[in-house]
Amino acid sequence: MNHNIWDPLHECLERKDLERLQLERLRSTLERVAKVPCYKDKFAASGISPGDIHSLDDMAKLPFTTKEDLRQNYPYGMFAVPMRDVVRIHSSSGTTGKPTVVGYSRKDLDDWSGLVARFMTAAGVLPDDIVHIAFGYGLFTGAFGLHYGAELIGSAVIPMSGGNTERQIMILKDYEATALVCTPSYALTLADRIQKMGHDPRTYLSLKVGLFGGEPWSEELRREIEERLSIVATDNYGLSEIVGPGVAGECLCKKGMHIFEDHFIPEIIDPETGKVLPEGEKGELVLTNIVQEAIPLIRYRTRDITRLHYDKCDCGRTMVRMEKTMGRSDDMLIIKGVNVFPTQIEEVLFQVEGCEPHYQLIVEREGTLDTLEVQVEVNENIFFDEMRKQRAFVEMLEKRLATNIGLHAKIKLVEPSAMPRHEGKANRIIDKRNK
Ligand code: DLL
C-alpha cells in the first residue's frame, strides 16, 4: 500500500492540535466575513458577533449559509476581498436558475492546488504519472482544480477537456496516460467505447489509477470500473462554493474520503431541523471554510447526505473520513412514502448478473403519489431471451428493490447500448411530475 502523504504536518495532526488550529482560523475568518453585508446582516439577526465564538462547540450558534444567499448576492456580493485581489472566477454546474459564482485570490489558488495535490497523492499519483484530465475546462472547477494539483505534484498533465470520446481514447492510448481524471459515469462511457472499438479495455491503455468525482457513485460502480479498466479507482469530493475538488478524497485504504479539516470544518446536521447530529449519524454535510480569502462561507449547507468517521485510518492521516455520499437531499425521491437515493437503486441493480451499469429513473405523479420506473440496460442474453424468462428477470429485480430498500418501482429492461452515455456528470433522474 502507498502511504505517501503530501503534507504530513497538517494531514497527520493530533486532534487537539487540529482543533486548536481550526478555532484560531475560524475566529480570524469570522472577523473577515463580518464585513460582508450578507454576514453582517445574518450575524445581527442572530444576535451574534465573531467575538462570541470561544470554542468549536459555539459554532452551532452561527447562522447557516445557503445557495439562496449566493443567488441573492449574485454575482460578487459574497466576496470578502476587493476585486483587485481576485485572480480567478468559477461557478457551479447548476442547471437551474443563476449559477453560483466563486472567486479565488492568488493565495486561494495556491492553497487549492495544495489541497488537490493531497488527495491525488493519497490516491497514489506520483511525479512520474501522466494524468489525463477529461473534465471540461471552463467555469466548472473540476478540470482546473485537478490540473494544478497534478502539476504541483510534478505529474505530466494532459489537459484533454470533455467530449469527443474516440479522440480521448486515442490520446489516452498514444500518450500512455497512467491516471484518468473524470466523472465515474464518463469512465464507464470510455470503457464501453473501447470495447465497441474492438479492444479489451483492461489491456488497451496504460492506465493504473482513476480519480473520479463530481457526482455520487456506488461501491458496485467502483468495482465495475476497476474490473473493466483494470485500475484502482478512488473517489474525491468537492463543490464549487467551497473551493471545488479538494475538499475531501480517498486514500488507498478506500474507507471514506478524508476531509482536509485544517481548511474546512465539517458538521452533520438534520436537514429538517438544522440541529447538529451526534458523531457517526447520517445527515446533511455542512462545511465552513476557514482558510479561503476571496469567498469564505460559514456553515454552508451542501445538501449532500453522508456520515463522518473519526476512527483511525491505516494510512496515517488523522483527518476525518466522510462516507461516499448517498446523493443530495434534493435528489432524494419519495416513492410511495419510501425515501430513496439513486445510488441505493444503483447498488441493487448492479449486484445482478446481466444488468449493465446504465440506468435512468423516470418519476411521474399519479394523483398525489409519486411513481418510479427504473429503466436499466441489460445484456443481449437477457434482452433477447424468451418473454417468460424476461418477465421472471423483471420480477426478480422488482422484488430485490422491494426487499433491499423497500422501494416499489416498475422495472423496464432496455436493450444493450440504448441508454444515453454521459460525458460529464450523469443525469439519471427524468422528472415528469407537474409537467
Ligand atoms: O462537482 C466539484 C468537483 C469536481 C468535485 C470534480 C470533484 C471532482 P459542483 O459542480 O459545484 O462542483 O457540484 C458539487 O457535486 O455538492 C455533490 O452533490 C456532487 N459531488 C461532487 N463530488 C462528489 C462525489 C464539483 N465524489 C456537487 N460524490 C456536490 C458524490 C459529489 N457527489
Legend entry - salt bridge (Lys or Arg N to Asp or Glu O under 4.0 Å) partners of Asp128, counting only residues at least two apart: none
Inset, instruction - Go through the structure and list residues passing ring-ring contact (aromatic ring centres under 6.0 Å, His included) with Phe135, not counting sequence neighbours. - result: Phe140
Inset, instruction - Side-chain contact test, heavy atoms from C-beta onward, threshold under 4.5 Å: evaluate it for Leu407 versus Val348 and give yes or no. - result: no
Inset, instruction - Please identify each residue that fulfils ring-ring contact (aromatic ring centres under 6.0 Å, His included) with Phe264, with sequence neighbours left out. - result: none
Legend entry - side chain to side chain donor-acceptor pair (under 3.5 Å) partners of residues 167-180, not counting sequence neighbours, each pair once: Asp129-Thr178, His132-Gln168
Legend entry - Least distance between heavy atoms, Glu423 atom then Gly163 atom: OE1-CA, 3.3 Å
Legend entry - Contact check, side chains of Val243 and Gln292, non-hydrogen atoms, under 4.5 Å: yes
Inset, instruction - For the residue pair Val374 and Leu361, establish whether any side-chain heavy-atom pair is separated by less than 4.5 Å. - result: yes
Legend entry - Close side-chain approach of Met78 and Cys38, heavy atoms under 4.5 Å: yes
Legend entry - Nearest non-hydrogen partners of Cys251 and His258, listed with the distance: SG-NE2, 3.6 Å
Legend entry - Side chains of Glu215 and His422 in contact at under 4.5 Å (non-hydrogen atoms): no
Legend entry - Reported CG-to-CD1 distance for the pair Leu401 and Ile411, which is rounded to 0.5 angstrom: 5.0 Å
Do any side-chain atoms of residues 382-394 form donor-acceptor pairs under 3.5 angstrom with protein atoms, and if so which ones, sequence neighbours left out?
residue	atom	partner	partner atom	Å
Glu386	OE1	Arg388	NH2	3.3
Gln390	NE2	Phe383	O	2.7

With a cut-off of 3.5 Å and sequence neighbours excluded, list every side-chain donor-acceptor pair involving residues 194-207.
residue	atom	partner	partner atom	Å
Gln195	OE1	Arg228	NH2	2.8
Asp200	OD1	Arg202	N	2.9
Asp200	OD1	Arg202	NE	3.2
Asp200	OD2	Arg202	NE	3.4
Asp200	OD2	Arg202	NH2	3.0
Thr203	OG1	Asp200	O	3.4

Legend entry - side-chain contact (heavy atoms from CB on, under 4.5 Å) assessment of Tyr186 paired with Thr165: CA-CA 9 Å; Tyr186 193 58; Thr165 301; 2.9 Å; yes
Inset, instruction - Tell me, with the steps shown, if Met332 and Ile305 meet side-chain contact (heavy atoms from CB on, under 4.5 Å). - result: CA-CA 10 Å; Met332 188 179 79; Ile305 304 296; over 6 Å; no
Legend entry - Nearest heavy atoms of Thr141 and Pro245, plus distance in Å: OG1-CD, 3.4 Å
Inset, instruction - Report, as yes or no, whether the 6.0 Å neighbourhood of atom NZ on Lys255 holds more than 12 heavy atoms from other residues, nucleotides or ligands. - result: no
List the atom pairs, donor and acceptor, that lie under 3.5 Å between side-chain atoms in residues 337-345 and the rest of the protein, sequence neighbours left out.
residue	atom	partner	partner atom	Å
Thr343	OG1	Met326	O	2.7
Gln344	OE1	Phe341	N	2.8

Inset, instruction - Inspect the contact between Glu261 and Arg15 and indicate whether a charged nitrogen and a carboxylate oxygen are less than 4.0 angstrom apart. - result: yes
Legend entry - Nearest-0.5 Å distance that lies between atom SG in Cys355 and atom CD in Glu377: 10.5 Å
Inset, instruction - Mind checking the NZ-NZ spacing from Lys410 to Lys412? Nearest 0.5 Å is all I need. - result: 8.0 Å
Inset, instruction - Could you check whether the rings of Tyr76 and Phe79 sit parallel, tilted or perpendicular, using 30° and 60° as the cut-offs? - result: tilted
Inset, instruction - Please list, chain by chain and in numerical order, all residues satisfying ring-ring contact (aromatic ring centres under 6.0 Å, His included) with Tyr74, sequence neighbours excluded. - result: none
Legend entry - Residues which pass salt bridge (Lys or Arg N to Asp or Glu O under 4.0 Å) with Arg428, listed by chain and number, not counting sequence neighbours: Glu346
Legend entry - Side chain to side chain, Gln375 and Ile430, heavy atoms closer than 4.5 Å: no
Inset, instruction - Using a strict 4.0 Å threshold on nitrogen-to-oxygen distance, state whether Arg303 and Asp330 make a salt bridge. - result: no
Inset, instruction - Could you tell me the separation between the CE atom of Met83 and the CD1 atom of Ile89, rounded to the nearest 0.5 Å? - result: 4.0 Å
Legend entry - 4.5 Å side-chain heavy-atom contact, Glu11 and Arg118: yes
Legend entry - CA sep, side-chain torsions, deciding dist, call: Tyr237, Thr306, side-chain contact (heavy atoms from CB on, under 4.5 Å): CA-CA 12 Å; Tyr237 167 89; Thr306 186; over 6 Å; no
Legend entry - Residue list, ring-ring contact (aromatic ring centres under 6.0 Å, His included) with Tyr300, at least two apart or on another chain: none
Inset, instruction - Taking the side chain as every heavy atom from C-beta outward, state whether Glu364 and Glu373 have any atom pair closer than 4.5 Å. - result: no
Inset, instruction - Run the salt-bridge test on Arg321 and Asp311 with the 4.0 Å N-O cut-off and return the result as yes or no. - result: yes
Legend entry - Ionic contact status for Arg223 with Glu226, cut-off 4.0 Å: no
Inset, instruction - Can you measure from OG1 (Thr325) to CH2 (Trp217) and round to the nearest 0.5 angstrom? - result: 11.5 Å
Legend entry - side-chain contact (heavy atoms from CB on, under 4.5 Å) evaluation trace for Leu188 with Leu221: CA-CA 9 Å; Leu188 268 183; Leu221 190 51; 3.3 Å; yes
Inset, instruction - Over all heavy atoms of both residues, which pair between Cys253 and Cys313 is shortest? Give the atoms and the distance, please. - result: SG-SG, 4.0 Å
Legend entry - Heavy-atom closest contact (Val157 atom, Ala150 atom, distance): CG2-CB, 3.6 Å
Legend entry - Exam field: side chain Lys42 to backbone Phe64, donor-acceptor pair closer than 3.5 Å: yes
Inset, instruction - In plain terms, say whether Arg307 and Glu323 are close enough for a salt bridge, that is, a side-chain N and a carboxylate O under 4.0 Å apart. - result: yes
Legend entry - Distance in Å, Leu139 CG paired with Ser240 OG, rounded so as to fall on 0.5 Å steps: 10.0 Å
Legend entry - Minimum-distance pair of heavy atoms, taken over all atoms of Thr318 and Cys12: OG1-C, 3.2 Å
Legend entry - With sequence neighbours excluded, residues passing salt bridge (Lys or Arg N to Asp or Glu O under 4.0 Å) with Arg222: Glu219, Glu250
Inset, instruction - Enumerate the residue pairs fulfilling side chain to side chain donor-acceptor pair (under 3.5 Å) with a member in residues 100-110, sequence neighbours excluded, ordered by first and then second residue. - result: Ser92-Thr100, Ser105-Asp108, Ser105-Glu293, Lys107-Asp111
Inset, instruction - For the pair Arg299 (side chain) and Leu62 (backbone), establish whether a donor and an acceptor sit closer than 3.5 Å, ignoring hydrogens and angles. - result: yes
